[in-house]
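Quick notes on the structure that follows.
Just so it is clear, the structure is predicted and the values come from calculations on it, not from any experiment.
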Amino acid sequence: MILCVGPKGCGKTLLLKRLQLESFPKNEITSEEVIPTTVPTVGINITTIKLSRKVDTTIHELGGAMAPIWPCHFSQCRGLMFVIDTSNLMQISAACIQLYEIVTHESLQTAQILIILNKIDVPVTTSIIEVKDVLRLEQLKQHAKQSIETVEVSAFSGDGVENIRKWLLQFQ
Ligand SMILES: Nc1nc2c(ncn2[C@@H]2O[C@H](COP(=O)(O)OP(=O)(O)OP(=O)(O)O)[C@@H](O)[C@H]2O)c(=O)[nH]1
Ligand SMILES: [Mg+2]
């Protein structure tokens with residue numbers, strides 16, 4: 001199972017919709033033309049994404065409001081996408097704690113982890129370097145047993161989402 005988690009409002013649902021929109025072969029609708037609306041996810045949102053002509057993948061988004069019970073879903077997890085809103089510095093410190101809990105969780109020791117730095121389209125004074133510092137990303141990568149990758153994206157514009165598609169291909 002591939003999970004997508006992250007704090008409330010960090011952009012998980014929009015990101016999954018974006019991945020669906022930009023499915024293979026390319027949808028007629030181009031990224032800028034359609035910005036789907038989202039509502040906070042209560043429970044689990046299951047999305048199927050086409051990665052190639054023959055390959056589909058299913059992702060389970062667990063809403064940010066469900067954070068206390070995310071671990072109930074970790075036992076079957078092969079890949080975990082952790083989304084962070086880079087425009088919300090207050091949330092990043094809280095996300096850092098959630099991320100450490102995930103990386104150290106016993107059921108996730110062999111899972112692949114992708115940290116998705118989202119909302120890079122939002123003009124903010126905080127740089128991505130500062131965001132990575134607050135997250136203590138380098139220390140996390142050094143100490144973690146898992147493979148941890150990072151991507152910078154905008155679910156809004158679609159920038160960078162192709163790197164998520166590449167990461168997803170390893171589970172086929
Ligand atoms: N500017 C900008 N806004 C974004 C981006 N991604 C998401 N949003 C907006 O952020 C808000 C929350 O997005 P959601 O996708 O619903 O957030 P979520 O992580 O699914 O939230 P929960 O389901 O409550 O956990 C919406 O208004 C989105 O349009 C982005 O990359 N850039
Ligand atoms: Mg959601």
Atom CD1 of Ile129 with >12 non-hydrogen neighbours under 6.0 angstrom | no
Donor-acceptor pair, side chain of Lys12 and main chain of Val83, under 3.5 angstrom | no
Heavy-atom closest pair, residues Ser157 and Ser154 | N-OG, 2.9 Å
Might you work through the side-chain contact (heavy atoms from CB on, under 4.5 Å) test for Thr126 and Val134, ending with a clear yes or no?
-> CA-CA 10 Å; Thr126 321; Val134 176; over 6 Å; no
Treating Ile, Leu, Val, Met, Phe, Trp and Tyr as nodes and any side-chain heavy-atom pair under 4.5 angstrom as an edge, say whether Val5 and Leu16 lie in one connected cluster.
-> no
Spacing of Phe74 atom CZ and Leu3 atom CG [to the nearest 0.5 Å] = 7.0 Å
Hey, what do you get for OG1 (Thr47) to CG (Leu19), rounding to the nearest 0.5 Å?
-> 9.0 Å
Considering residues at least two apart in sequence or located in another chain, which fulfil the ring-ring contact (aromatic ring centres under 6.0 Å, His included) criterion with His143?
-> none
From CD1 (Ile97) to CD1 (Ile102), nearest 0.5 Å | 12.5 Å
Just grab all the ring-ring contact (aromatic ring centres under 6.0 Å, His included) pairs involving residues 39-64, residues at least two apart or on different chains.
-> none
Can you tell me which residue pairs pass the salt bridge (charged side-chain N to carboxylate O under 4.0 Å, His left out) test with a partner in residues 56-76, sequence neighbours excluded?
-> Lys50-Asp56
Any donor-acceptor pair under 3.5 Å linking the side chain of Lys17 with the backbone of Thr37?
-> yes
In this structure, CD of Glu152 is separated from OG1 of Thr86 (nearest 0.5 Å) by 8.5 Å
Single-linkage hydrophobic cluster Val122~Leu14, side-chain heavy atoms < 4.5 angstrom | no
In one Ile/Leu/Val/Met/Phe/Trp/Tyr side-chain cluster, 4.5 Å: Ile120, Ile116 = no
Between Lys132 and Thr150, a side-chain donor and acceptor under 3.5 Å = no
Not counting sequence neighbours, which residues clear side-chain hydrogen bond (donor to acceptor under 3.5 Å, both in side chains) with Asp85? List them please.
-> Ser87, Lys119
Using ring-ring contact (aromatic ring centres under 6.0 Å, His included) as the criterion, list what pairs up with Tyr100, not counting sequence neighbours.
-> none
In short, Asn118 meets Ala155 closest at the heavy-atom pair OD1-N, 3.0 Å
Is Phe82 reachable from Leu117 through a run of hydrophobic residues whose side-chain heavy atoms are each under 4.5 Å from the next?
-> yes
With a 4.5 Å limit on heavy-atom distance, are the side chains of Lys166 and Glu149 in contact?
-> no
Supply the atom-to-atom distance Trp167 CH2 to Ile113 CD1, rounded to the nearest 0.5 angstrom.
-> 8.5 Å
Apply side-chain contact (heavy atoms from CB on, under 4.5 Å) to Ile164 and Val151, showing your working.
-> CA-CA 7 Å; Ile164 302 178; Val151 291; 4.0 Å; yes
If you look at every heavy atom in Trp70 and Pro7, which pair is closest and at what distance?
-> CH2-N, 4.3 Å
Determine the minimum heavy-atom distance between Pro71 and Pro68, stating which atoms define it.
-> CD-O, 3.7 Å
hydrophobic_cluster_shared for Leu99 and Met90, side chain cutoff 4.5 Å | no
Taking everything shown except Glu106 itself, do over 12 heavy atoms lie less than 6.0 Å from its CD?
-> no
Ile84/Cys10 under side-chain contact (heavy atoms from CB on, under 4.5 Å): CA gap, chis, key distance, verdict | CA-CA 5 Å; Ile84 290 167; Cys10 63; 5.8 Å; no
Euclidean distance, Leu135 CG relative to Cys96 SG, rounded to 0.5 Å | 5.5 Å
Tell me, with the steps shown, if Val153 and Asn163 meet side-chain contact (heavy atoms from CB on, under 4.5 Å).
-> CA-CA 9 Å; Val153 308; Asn163 293 320; 6.0 Å; no
Backbone N or O of Phe156 within a donor-acceptor pair of the Arg18 side chain at under 3.5 Å?
-> yes
Heavy atoms of other groups near Glu130 CD, more than 12 under 6.0 Å = yes
Find out whether Val124 and Leu89 are in side-chain contact, i.e. whether some heavy atom of one side chain is under 4.5 Å from a heavy atom of the other.
-> no
Residue set satisfying side-chain hydrogen bond (donor to acceptor under 3.5 Å, both in side chains) with Gln91, at least two apart, ordered chain then number -> none
Test item: Gln112 side-chain N/O and Arg78 main-chain N/O as donor-acceptor pair under 3.5 Å = no
